[in-house]
Number of protein chains: 2
Amino acid sequence: MPTDDLDRLNAQAAKLLTAHAHRFTTARQHIVAALHEADSPLTILQLLDAGEGLVQSTTYRNLVVLEDAGVVTRVITPDDHARYELDEHLTHHHHHLICNDCGDVKDFELSDNLENKLDGELQEAGRTAGFRIERHSLDLFGTCKSCS
Amino acid sequence: MPTDDLDRLNAQAAKLLTAHAHRFTTARQHIVAALHEADSPLTILQLLDAGEGLVQSTTYRNLVVLEDAGVVTRVITPDDHARYELDEHLTHHHHHLICNDCGDVKDFELSDNLENKLDGELQEAGRTAGFRIERHSLDLFGTCKSCS
DNA sequence: GAGGAAAATCAGAATGATTCTCGATATCGT
DNA sequence: ACGATATCGAGAATCATTCTGATTTTCCTC
């Protein structure tokens, strides 16, 4: 996680927020920085701990703004704590490994070849069902090393 | 959704519950019947409406029991209403199309060929990350016909 | 670089899906 | 039929998330 990356992220985030008539305040910068340092999606609590001077109510609101602007993405997991990560447009397409026991989330990627095949069939499935597809999510559930 | 199916489901559900030291009460039968009739995952509210004489607090508790026994599965969606469907062991492996607007969920399947290739890579990804994989979920997000 | 308008912040209150409590009821094995 | 245990129902409690209202910061214009 080199600093260059954070600079690039900040520039992209600022651009996205501006395009949506929002400001890239220091609180929002701290959120982006914390998500960047973490190598996996964070719960609100983890984010509040990791980020500098983050206040709960403001952070909830800022995450809504950041998600709306396309800077962050809410990751859906079975436990009832929302998790957030930087949007794939700012990082790269990936999937999640979710531990059934501790709830922890790790990233992984498919081979380009399989990912392409998958995309083709998914578009087809969407067409058949009358859906306009925006994205897909592929998650693995199991038990992580430390929980087994 | 022929009646034969429901008979088979009831037999399987009874077996699973018994194996877990639970009873297949009429309330639980009504839940299974309602989920069987619906062709997609139901929210608690939809389930209470669809099922015969279902009480909220009892239904929540019964869904936990049924999930523990492997009769039903909780479907994870972005909106904050839990959804449930019959477990894949009692039906068949499938995936979900989720509407970003109305939250509705539809089922679809991949070709066996692709599903097998996918399984292979996913096992591999789990091994690499030190996860023991139990299942995967593949969901499509987009806009359904009635919302576009 | 001062003034004003709009956006953002903070602390605490409100919301709402889900879970828990507890007394009453139904079910199983003997 | 009897006792032990599972289940039920109604309402209270929990807790992540959202909202509120007053205050502060930021940006734009002159």
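We name chains A, B, ... by the order of the sequence lines, and we start the count at 1 in each one. The basis for the numbers below is simple: all heavy atoms, side chains too, and nothing from hydrogens, waters or symmetry mates. None of these values were measured; they are calculated from a predicted model.
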message = Suppose we screen for side-chain contact (heavy atoms from CB on, under 4.5 Å). Which residues come up paired with S148(A), at least two apart in sequence or across chains?
response = T143(A), R132(B)
task = State, to 0.1 Å, how close A125(A) and F108(B) come at their nearest heavy-atom pair, and which atoms those are.
result = CB-CD1, 3.6 Å
note = Terminal axes of the helix from dG1(C)-dC30(D) to dT30(C)-dA1(D) (5 end pairs apiece), angle rounded to 10 degrees, sit apart by 40°
query = What are the 5'-most and 3'-most nucleotides of DNA chain C lying under 4.0 Å from any heavy atom of chain B?
reply = dA17(C) to dT27(C)
query = Of the non-hydrogen atoms in L42(B) and A50(B), which two are nearest, and what is the gap between them?
reply = CD1-CB, 4.5 Å
message = Does any part of the side chain of H22(B), heavy atoms only, come nearer than 4.5 Å to the side chain of R28(B), both counted from C-beta?
response = yes
message = Can you list everything that forms a ring-ring contact (aromatic ring centres under 6.0 Å, His included) with H89(B)? Sequence neighbours excluded, please.
response = none
message = Tell me which residues in residues 61-72 of chain A lie within less than 4.0 Å of DNA chain D, going by non-hydrogen atoms.
response = none
task = Mind checking side-chain contact (heavy atoms from CB on, under 4.5 Å) for A14(B) and listing every partner two or more places apart, or none if nothing turns up?
result = F24(B)
Pairs meeting criterion side chain to side chain donor-acceptor pair (under 3.5 Å) with involvement of residues 98-113 of chain A, two or more places apart = H92(A)-E109(A), N100(A)-E134(B), S111(A)-E121(B)
request  = Compare all side-chain heavy atoms of I31(B) with those of L66(B) and state whether any distance is below 4.5 angstrom.
outcome  = yes
Where do N or O atoms of nucleotides 15-17 of chain D meet protein N or O atoms at under 3.5 Å, pair by pair?
unit_1: dA16(D); atom_1: O3'; unit_2: D80(A); atom_2: O; d: 3.3
unit_1: dT17(D); atom_1: OP1; unit_2: A82(A); atom_2: N; d: 2.8
unit_1: dT17(D); atom_1: OP2; unit_2: Y60(A); atom_2: OH; d: 2.6
unit_1: dT17(D); atom_1: O5'; unit_2: Y60(A); atom_2: OH; d: 3.4

Set of side-chain contact (heavy atoms from CB on, under 4.5 Å) partners for N116(B), sequence neighbours left out = none
request  = Please examine the side chains of T26(A) and E52(A), heavy atoms only from C-beta on, and report whether any two atoms are closer than 4.5 Å.
outcome  = no
ask   = What do you reckon, are the aromatic ring centroids of H96(B) and H136(A) less than 6.0 Å apart?
value = no
message = Once you apply a heavy-atom cut-off of 4.0 Å, does A27(A) come out as touching a base, just sugar-phosphate, or nothing?
response = sugar-phosphate
Q123(A)-R127(A) side chain donor-acceptor pair, cut-off 3.5 Å = no
ask   = What distance do L17(B) atom CG and Q29(B) atom CD have between them, rounded to the nearest 0.5 Å?
value = 10.0 Å
Protein and nucleotides 24-29 of chain D: nitrogen or oxygen contacts under 3.5 angstrom:
none

request  = Using the test ring-ring contact (aromatic ring centres under 6.0 Å, His included), find all partners of H30(B) that sit at least two apart in sequence or belong to another chain.
outcome  = none
key: Residue whose closest nucleotide on DNA chain D lies nearer the 5' end, H22(B) versus S57(B)   = H22(B)
key: Contacts of R74(A) that satisfy side-chain contact (heavy atoms from CB on, under 4.5 Å) - sequence neighbours left out   = E67(A), I76(A), A82(A), Y84(A)
